[in-house]
Amino acid sequence: MIHTDALVIGAGPVGLFQAFQLGLLGLSVEVVDALPFAGGQCMALYPDKPIYDVPGVPVCTGRELTRSLLQQAAPFLPPSEAQGPRAHQHLQHTQHLHLGQLVQSLTATADGAWTVTTDRGLVFQAQSVLIAAGAGAFLPRGLGVAELDGAINVHHHLTEDDSAAPPWAGQHLVVAGGGEEALSAVLAIAQTAQPAHRPSRLTLLHRRDVFQADAALEAAVRELIHQGSVQLEIGLPQSAECHSVTEGNAVQALSLLGADGQTRSLPLDHLLVRLGLSPKLGPLSTWGMALERKQVSVSTATFATSLPRVHAVGDINTYPGKKRLLLCGFHEATLAAHALAVELRPDAPSHLLYTTTSPVLHQRLGV
Ligand SMILES: Cc1cc2nc3c(=O)[nH]c(=O)nc-3n(C[C@H](O)[C@H](O)[C@H](O)COP(=O)(O)OP(=O)(O)OC[C@H]3O[C@@H](n4cnc5c(N)ncnc54)[C@H](O)[C@@H]3O)c2cc1C
């Protein structure tokens with residue numbers, strides 16, 4: 001059981017800034033996200049595209065913004081000693097930032113706190129909850145083959161940390177998909193800087209010989225296929241052959257239906273499914289908050305929901321005039337943190353402190 005003043009659900013840009021604002025006000029904070037990296041939409045949908053309307057930042061990419069937000073929140077989400085600054089560079093776990101955890105239940109306790117659980121067994125006892133869940137949890141789209149669910153050698157994400165060998169190093173990796181996500185993964189894997197980290201064989205599997213990606217990316221992948229460093233396999237996955245290993249089930253081969261109507265087997269060591277991510281509101285809709293068209297209704301003074309000590313900020317909330325912009329989410333996170341600080345510490349002085357001049361804030365920031 002992890003005890004905290006505030007639990008932030010979602011490590012997107014607004015959730016990360018929320019953690020910073022709560023920490024600044026002296027509240028302890030934990031952040032959880034279903035994705036294995038921080039950054040929400042900025043990283044899942046447009047990591048390398050430029051953003052031009054963050055105040056004071058003329059231009060930055062989604063990845064750069066995420067790194068800056070993590071760096072800013074570092075006094076309250078510090079990297080563990082083992083990871084050092086790599087954790088922020090690679091948008092990975094830090095102390096108090098729990099990735100790859102889908103929040104499932106939110107249950108009120110008798111003393112006005114919340115018990116929050118995740119699909120992978122984390123349990124939090126939180127005095128307050130801040131929902132920064134965007135359009136919902138980003139979950140990878142699957143191939144629709146039941147045997148692949150939970151198999152230990154089926155992956156969906158590339159790690160940002162290229163200093164560690166990926167699980168498919170020196171083995172046969174099949175990348176499934178025909179869009180931008182699949183082709184950019186094939187290119188990145190084929191061009192991995194350290195030869196020992198590359199797979200021994202790399203196959204791109206798609207249902208037809210037509211890709212949906214940027215022309216330059218497609219040309220680069222076609223060239224790899226032409227050179228023979230990537231094999232192209234056309235077919236529709238029907239089922240999978242699995243065997244049991246100590247940690248669970250592992251896929252050995254995919255059964256593919258070809259355009260000729262024949263079924264054949266594609267043996268593999270690892271499967272990387274890159275069909276994109278789709279946001280699922282999922283469990284959130286069952287927590288009992290007032291919703292309006294799948295968005296959480298909030299007060300615009302405090303961003304409180306209809307549940308006590310549960311606030312909602314960023315793309316997940318709705319109110320008259322709502323705009324789904326980073327700037328608006330950052331404003332909401334600031335007001336929500338101030339409202340919660342008053343609620344959780346009614347006797348503490350509530351006058352506004354500036355980061356430029358306040359020794360208290362400097363101490364919290366460690367500057
Ligand atoms: C293509 C594109 C371009 C954009 N360009 C701009 C721009 O130029 N300027 C601008 O201001 N805005 C832009 N936006 C909008 C901006 O990205 C969003 O407003 C912003 O990402 C919202 O941040 P958020 O933290 O509220 O939600 P998100 O970024 O969606 O993050 C929410 C996070 O919560 C997690 N989550 C949800 N439910 C759960 C759960 N139950 N358990 C665990 N984790 C959960 C999700 O996995 C996700 O990581 C753009 C959006 C898109 C799609």
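Please read these numbers as outputs of a predicted model, since none were measured by experiment. Atoms within a ligand are numbered from 1 in the order they appear, just like the ligands themselves.
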For Gly10, the ligand 1 atoms whose distance to one of its heavy atoms is below 4.0 Å: 33 (C), 34 (O), 35 (C)
Proximal atoms of ligand 1 relative to Ala133 (non-hydrogen, under 4.0 Å): 32 (C), 34 (O), 37 (C), 38 (N)
Charged N-O contact under 4.0 Å between Arg309 and Asp5: no
Within-cut-off N or O pair, Leu326 and ligand 1, under 3.5 Å: yes
Numbered atoms of ligand 1 (with element) below 4.0 Å of Val14, judged on heavy atoms: 23 (O), 24 (P), 25 (O), 26 (O)
Close aromatic pair by centroid cut-off 6.0 Å: His98 and Phe124: yes
Interfacing atoms of ligand 1 (cut-off 4.0 Å, heavy-atom, Arg324): 15 (C), 19 (O)
Under 3.5 Å donor-acceptor, Arg120 side chain and Gly100 backbone: yes
For ligand 1, the portion of Asp33 having any non-hydrogen atom under 4.0 Å away: both
Region of Gln101 that comes within reach of ligand 1 [heavy atoms, distance under 4.0 Å]: backbone
Proximal ligand 1 atoms for Gly314, defined as those under 4.0 Å from one of its heavy atoms: 26 (O)
More than 12 heavy atoms of other groups within 6.0 Å of His243 NE2: yes
Under 3.5 Å donor-acceptor, His311 side chain and Leu340 backbone: no
Mode of Asp53 contact toward ligand 1 - side chain, backbone, both, neither (heavy atoms, under 4.0 Å): side chain
Under 4.0 Å to a heavy atom of Ala132 - the qualifying atoms of ligand 1, by number: 32 (C), 33 (C), 34 (O)
Any Gly282 heavy atom less than 4.0 Å to ligand 1: no
Distance-only N or O hit between ligand 1 and Ala137, under 3.5 Å: yes
Contact check, Ile51 vs ligand 1, heavy-atom distance below 4.0 Å: yes
Under-4.0 Å heavy-atom contact with ligand 1, by part of Tyr46 that carries it: side chain
